[in-house]
2 protein chains.
Amino acid sequence: MKKKDSVAEVKLSEEQFQAIARALSDPRRFAILRQVAAADGMECASLEEHECISPATISHHMKELNEAGLIEITRVGRGARLFLCRPIFTAYVNRLASI
Amino acid sequence: MKKKDSVAEVKLSEEQFQAIARALSDPRRFAILRQVAAADGMECASLEEHECISPATISHHMKELNEAGLIEITRVGRGARLFLCRPIFTAYVNRLASI
DNA sequence: CTTATACTTCGATAGTCATCGAACGATCCG
DNA sequence: CGGATCGTTCGATGACTATCGAAGTATAAG
């Protein structure tokens, strides 16, 4: 008898687990992730962070989040659409919760 | 109708939330937290980390975990006992999960 | 009292990382 | 074609931090 395994729980490597922890430890990155979670498929250009940090820095954070496996980035036209990889994120949360 | 609020869910400040995220982003600290979670009230001297890092560094990590609100440290005799602050930890996990 | 154990504090160091500006690449529009 | 917009890459820089050894504090034991 199990609970909530409807998505066939992803298995995170130790490396990825730590990469995610690191990715989430930066306030900007977490803010970005929150926005993507709230509006899946949103335009990168719509992120609030464009108000306070440079495009170069935003791009850097995107790369980090992407390499941690937390978001997918799809270029469309001149812009980019952002998608939360919820299975990965959920796997991280569950693993944390289980310590 | 709610779920699992049996501990009267703790409310984390934005500051504490980020402090916890930062605390968890270091592999050593996470390893320490895992050991404490697995053996609440354990002796600091029993941590595996004594095999690989200096007492000074361990003490530093303890301070970080303590200031993030994740562990309590009580001196007893020459040693120190470590306790996981599960309500705080759970509040962090729940807040993460709710994005 | 002296020694040993357990942890803390301090200062220094080396490595990491968020941030930027500048230059570049791609795409859309007129 | 020629701008204009959006994002990426690169190199540099300043800030932060994990780590250490050495010195300090407290406690227990001989």
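Order of the sequence lines fixes the chain letters, A, B, ..., with proteins taken first and strands second; residue numbering starts at 1 for each chain.
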### Message
Show every salt bridge (Lys or Arg N to Asp or Glu O under 4.0 Å) that has at least one partner inside residues 52-64 of chain B, sequence neighbours left out.
### Response
none
### Message
I need the minimum non-hydrogen distance between A:I73 and A:A80, along with the two atoms involved.
### Response
CG2-CB, 4.0 Å
### Query
Between CG of A:L12 and OG1 of A:T90, what distance do you get to the nearest 0.5 Å?
10.0 Å
### Message
Test of understanding: with side chain to side chain contact (heavy atoms under 4.5 Å, CB included), list the residues that count as partners of B:E14, not counting sequence neighbours.
### Response
B:F17, B:R95
### Message
With a strict under 4.0 Å distance from non-hydrogen atoms of chain B, what nucleotide opens and what nucleotide closes the contacted stretch of DNA chain C, reading 5' to 3'?
### Response
C:dT5 to C:dT9
### Task
Run through B:L24, B:V36, B:I32 and flag the one making a side-chain contact (heavy atoms from CB on, under 4.5 Å) with B:L70.
B:L24
### Task
Would you write the dot-bracket representation of DNA chain C, where each base gets (, ), [, ], | or . depending on whether it forms a Watson-Crick or G-U pair under 3.5 Å and with which partner?
||||||||||||||||||||||||||||||
### Query
How many angstroms lie between atom CG of A:N94 and atom CD of A:E9, to the nearest 0.5 angstrom?
4.5 Å
### Distance-minimising heavy-atom pair for B:P87 and B:V10
CB-CG2, 3.7 Å
### Message
Run the side-chain contact (heavy atoms from CB on, under 4.5 Å) test on B:F30 and A:L96 for me, step by step, so that the C-alpha distance in whole Å, both residues' side-chain angles and the decisive distance to 0.1 Å come before the verdict.
### Response
CA-CA 10 Å; B:F30 181 70; A:L96 250 200; 3.7 Å; yes
### Task
Would you mind listing every salt bridge (Lys or Arg N to Asp or Glu O under 4.0 Å) that reaches into residues 65-76 of chain A, with sequence neighbours excluded?
none
### Task
Output the residues of residues 30-38 of chain B in contact with DNA chain D, where contact means a heavy atom of the residue under 4.0 Å from an atom of the strand; sort by number or write none.
none
#### Entry: Within residues 41-51 of chain A: residues closer than 4.0 Å to DNA chain D (heavy atoms)
A:C44, A:A45, A:H50
### Summary
Its contact letters, B for base, S for sugar-phosphate only and - for none at protein heavy atoms under 4.0 Å, make nucleotides 16-28 of chain D read -SSBBB-----BS
### Task
Name all residues meeting the side chain to side chain contact (heavy atoms under 4.5 Å, CB included) criterion together with A:A37; count only those two or more places apart in sequence or in a different chain, and write none if there are none.
A:L84, A:R86, B:I99
#### Entry: With B:R81 via side chain to side chain contact (heavy atoms under 4.5 Å, CB included) - residues at least two apart
B:E43, B:T74, B:V76, B:F83
### Query
Yes or no on side-chain contact (heavy atoms from CB on, under 4.5 Å) for A:L82 and A:L65, after CA distance, side-chain angles and deciding distance?
CA-CA 11 Å; A:L82 309 174; A:L65 287 168; over 6 Å; no
### Message
For A:A31, give me all partners under side chain to side chain contact (heavy atoms under 4.5 Å, CB included), at least two apart in sequence or on another chain.
### Response
A:R34, A:Q35, A:E49
### Query
Which residue pairs pass the side-chain hydrogen bond (donor to acceptor under 3.5 Å, both in side chains) test with at least one member in residues 22-32 of chain B, sequence neighbours excluded?
B:R29-B:H61
### Query
In Å, rounded to the nearest 0.5 Å, how long is the span from CD1 of B:I58 to SG of B:C52?
7.5 Å
